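What's counted below: heavy atoms across the whole structure, side chains too, no hydrogens, waters or symmetry copies. Since this is a predicted model, take the numbers as computed values, not measurements.
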Amino acid sequence: MTKKISGIHHITAIVGHPQENIDFYAGVLGLRLVKQTVNFDDPGTYHLYFGNEGGKPGTIITFFPWANAYQGKIGDGQVGVTSYVVPKGALKFWEQRLETFNVPVTKTERFGEQYVQFDDPHGLRLEIVERAEGERNSWTFGGVTPEVAIKGFAGATLFSAQPNKTAELLEKVMGLELIGKEGDYIRFRSSADIGNTIDLKATATGKGQMGVGTVHHIAWRAIDDNDQLEWQEHVSEKGYGVTSVKDRNYFHAIYFREHGEILFEIATDPPGFAHDESVDTMGQQLKLPAQYEQNREQLERKFIPITVRELEET
């Protein structure tokens, strides 16, 4: 069986206080909070989703916020850097906006592209790059308009405990195209117009430790349930231990840990985030899966109150 993954579906990270998380990703980065729900495996924890106006795959970053939790360590076995893409000509706007909100930035070049790099309030490493491809994000919030808004993911940088094994997986199993090597990075690309670029660090850096400020897993796109089942069979045949299908309400998911110790998920594009609330009202209320609805009152009392708000520039 020959399979080619189209690109990134979502990236999930662990962060600290949920209001700080919302203030940064909505208030500073201008993303839309498209879903408030719970960690299906630990319902006492929020699961917050941010993306473009429609919450499309390839734009979604999700968070498990644990206030006062221990700080993690970014290292091998993780996504080291999450990359966002903005329209051509928008990078200067973002450099100035981040500095306005007292977010320190650095600039670098990789594979002929200019990147603005920075950390979120909890230590997650992020970067922004300009590209023409990918549709514009029509969401407007807090001074971020579609002309400059984040379109979704550009890609991600993977830190692997066994880079050669991870490179083999990306090219031979996931079907990404090997673009080339520059310095300590190997670049791969998929067919999608966003979330399509993976830079693999070619040398191990030391084992990461899961905690606040680290990525929990990276999820790849499956067209539908049938495509996902083909991926499940394909990955298993290649010698990876893959889970059964998990119903995450907004997509179906399978998981496996590749040989470089990074947790991979393959998630279906449908049904999306608007099937339990309208597109216009997405993210405004806490949505619970059916199995936890009976515990709503108890859960709502436990959760830290959160709100999406426009921030004043500092």
Side-chain angles (χ1 to χ4, degrees), residues 7-67 82 84 120 122 124 137-142 144 149-153 194-195 215-222 245-253 255 265-293 295-296 299-300 302-310:
I8 298 171
H9 184 283
H10 68 267
I11 291 174
T12 295
I14 300 169
V15 291
H17 196 288
Q19 187 60 54
E20 294 173 354
N21 178 244
I22 290 175
D23 282 347
F24 189 77
Y25 286 88
V28 176
L29 296 188
L31 297 174
R32 183 181 184 184
L33 177 63
V34 298
K35 190 65 61 178
Q36 296 182 44
T37 186
V38 296
N39 181 341
F40 285 13
D41 299 321
D42 177 18
T45 303
Y46 274 125
H47 197 174
L48 305 178
Y49 293 70
F50 298 83
N52 73 350
E53 182 169 21
K56 293 183 178 181
T59 75
I60 299 295
I61 191 164
T62 93
F63 297 99
F64 301 133
W66 293 337
T82 299
Y84 278 119
D120 83 353
H122 302 127
L124 203 68
N137 177 6
S138 56
W139 186 247
T140 297
F141 187 78
V144 180
I150 290 170
K151 293 190 279 190
F153 294 121
I194 59 172
V215 170
H216 185 269
H217 65 268
I218 181 171
W220 308 88
R221 297 175 65 174
V245 176
K246 311 291 184 183
D247 185 353
R248 301 309 191 193
N249 206 2
Y250 311 108
F251 49 86
H252 295 150
Y255 303 85
E265 173 184 345
I266 300 176
T268 57
D269 280 4
F273 297 100
H275 73 89
D276 60 352
E277 54 186 336
S278 71
V279 172
D280 290 340
T281 61
M282 285 192 309
Q284 295 181 13
Q285 296 181 330
L286 179 66
K287 307 303 291 188
L288 298 176
Q291 66 267 32
Y292 298 133
E293 190 61 52
N295 301 324
R296 174 176 288 275
L299 289 171
E300 288 183 339
K302 179 178 180 179
F303 285 142
I304 297 171
I306 54 176
T307 185
V308 176
R309 58 192 181 186
E310 293 193 17

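Partners of F303 according to the ring-ring contact (aromatic ring centres under 6.0 Å, His included) rule, which considers only residues two or more places apart in sequence or in another chain, are Y46. Scanning for ring-ring contact (aromatic ring centres under 6.0 Å, His included) contacts around H217 gives H10, Y255, with sequence neighbours left out. E293 is linked by a side chain to side chain contact (heavy atoms under 4.5 Å, CB included) to L288, R296, counting only residues two or more places apart in sequence or in another chain. Remark: W66 pairs with no residue by the ring-ring contact (aromatic ring centres under 6.0 Å, His included) rule, at least two apart or across chains.
Residue pairs satisfying the salt bridge (charged side-chain N to carboxylate O under 4.0 Å, His left out) criterion with at least one member in residues 22-50, sequence neighbours excluded, are listed as follows: D23-R309, K35-D276, K35-E277, D41-R248. Pairs of residues two or more places apart, or lying in two chains, that qualify as salt bridge (charged side-chain N to carboxylate O under 4.0 Å, His left out) and include a residue from residues 51-65 are K56-E135.
The six-membered or imidazole ring of F64 lies near that of H47, with a centre-to-centre distance under 6.0 Å.
Annotation: side chain of L33 is not in contact with side chain of Y25 (no heavy-atom distance under 4.5 Å). Contact annotation: the side chain of I304 never approaches that of Q19 to less than 4.5 Å [non-hydrogen atoms, C-beta and beyond].
For E300, the CD atom sits in a packed shell: over 12 heavy atoms of surrounding residues, nucleotides or ligands are nearer than 6.0 Å.
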Next on the checklist: With side chain to side chain contact (heavy atoms under 4.5 Å, CB included) as the criterion, how do L124 and F24 come out once you've worked through the C-alpha distance, each side chain's angles and the decisive distance to 0.1 Å?
Outcome noted: CA-CA 12 Å; L124 203 68; F24 189 77; over 6 Å; no
Next on the checklist: One pair to check against side chain to side chain contact (heavy atoms under 4.5 Å, CB included): W139 and N52. What are the steps and the verdict?
Outcome noted: CA-CA 6 Å; W139 186 247; N52 73 350; 5.9 Å; no
Checklist entry - Passes side chain to side chain contact (heavy atoms under 4.5 Å, CB included), V215 versus T82? Steps please. => result CA-CA 9 Å; V215 170; T82 299; 4.0 Å; yes
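Between Y49 and Y250, the ring planes are perpendicular. Angles over 60° get that label, and only those under 30° would be called parallel.
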